[in-house]
Amino acid sequence: MTNPLKIAIAGLGTVGVGVIKILQEHRNMIAARTGRVIEITAVSASNRSRDRGIDISGYDWVDNVLDFANRDDVEIVVELIGGSDGVARELAQKSLASGKSFVTANKALIAHHGAELAQNAQDNDVALGFEGAVAGGIPILKSIGEGLAANKLTKVYGILNGTTNYILTQMEAKGKDYGEILEETKLLGYLEADPSLDLDGIDAGHKLAILSSVAFGVKTNFDNVYMEGIRRIKLVDIEYARELGYRIKLLGISSLSEAGLEQRVHPCMVPKTAPIAIVDDGFNAIVVDGDYIDRTFYEGRGAGEGPTASAVVADIIDIARGHTGPAFFVPPSEMLDAKAISISDRVGPYYIRLHVEEQPGVIADITAALRDEDVSLHIMLQKGSEQDGTVYVVMVTHDTHEKRIMNALSQIDSLSSVIDKPLAIRIENL
Ligand code: HSE
């Protein structure tokens, strides 16, 4: 057995504790698999005295995490603090610059600064690992970057946020509206400290930007990810989706073509028989299409102590084995600047839900707006009348340009008979 691999851990929240548990419990097994004992030399967190249910008395406690970068007895710095900037970014820059490998589960950090950090890692001949940043326990980055490396990949999409998948699943299962299920989900502690990261699709956007880079060898470009969350989905949409043969899922979709790179996160209606449609609750799932593999499908727990810690430790194990290739599986100098395709260029079918006054002429006004934008209807439903003299009108269009749908909806929104802002959900026949 060669010399131990010494690591320092910054952040002892859920994932940090999980990493320590795995390294303590599987110490001998990992040593046998890698030929090196993984030794934790130092740890740091905001609160020293909190009972975390693990024994950390054998590790040096460090008040300032940035000190990790200067220690000779640290070969890998493991960052589990979070945040795209601030101390996490500074720790990454300083650690890499002082010749230490850096492992993180920080999706925001990598989505915003991945290209720069990958370059820093290469310049200093050390590793940068972030398997834990995308889809928790699903080893999706290694699967794409190593297992599918022989393929030209064309499309990657999936359920990348467990919290919103849980909310949508529970709305359908319990027949309750969004607000009620959101409150229940908050009580379970599932939401990020800033709930907007989950609810507005930002967390999924971070993960999608990373996935795009690994899948297509493009520079990480979070600014070009279109994001729309689940806040406007009502129970009525979920019920109509079921009736129309669909389920609603918040998907991240990325594809690279001659036209450029498309990256978008938004609620989708997917055929209820599609494998991704039956991935429920807190689970994540990812589909990868490539020229020689056709299609591959991955499912697993996307968050939580065990799954995310498993991915973080896998990166440490890679380094222990000496497997330290480029962070995005392609040298930084080879990463492409892909032209961004705007969401307004999407073409496909749309589900439209309108909440309107039950009065003569409403449908004529709505269909006139659709006609003016050349939008052709496939299905139109209006069931009964609400007690309060209002009604939901639901339509499914044929393939249409996003721009035309949005123009028509803004015209419809200005009608006095329309009560709520119209909602469009993109239908993806995956
Ligand atoms: N908030 C994230 C989710 C946690 O719900 O998937 C894992 O990244």
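Just so you know, these numbers use all the heavy atoms, side chains as well, and skip hydrogens, waters and symmetry mates. The structure presented is a predicted model; accordingly, all values stated were derived computationally and were not measured. Whatever order the structure lists them in is the order used to number ligands and atoms, beginning at 1.
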Q) What pairs meet the salt bridge (Lys or Arg N to Asp or Glu O under 4.0 Å) rule with one or both residues in residues 111-128, with sequence neighbours excluded? A) Arg89-Glu116

Q. Hey, does Asp200 have a side-chain heavy atom less than 4.5 Å from the side chain of Met227?
A. no

Q.
Could you check whether any side-chain heavy atom of Lys174 comes within less than 4.5 Å of a side-chain heavy atom of Glu184, counting everything from C-beta outward?
A.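 When only atoms from C-beta onward are counted, Glu184 and Lys174 do touch, with a gap below 4.5 Å.
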
Q: Would you tell me whether His323 and Arg321 have side-chain atoms, one donor and one acceptor, within less than 3.5 Å of each other?
A: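 His323 vs Arg321: no donor-acceptor pair found between side chains.
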
(Q) Within this structure, what is the CG-CZ distance for the pair Leu141 and Phe130, rounded to the nearest 0.5 Å? (A) 6.5 Å

(Q) Out of the candidates Asn165, Thr185, Asp281, only one should pair with Gln170 under the side chain to side chain donor-acceptor pair (under 3.5 Å) rule; please name it. (A) Asp281

(Q) I need the contact residues for ligand 1: any residue with a non-hydrogen atom closer than 4.0 Å to the ligand, ordered by chain then number. (A) Lys107, Asn161, Gly162, Thr163, Glu192, Asp198, Asp203, Lys207, Gly302, Ala303

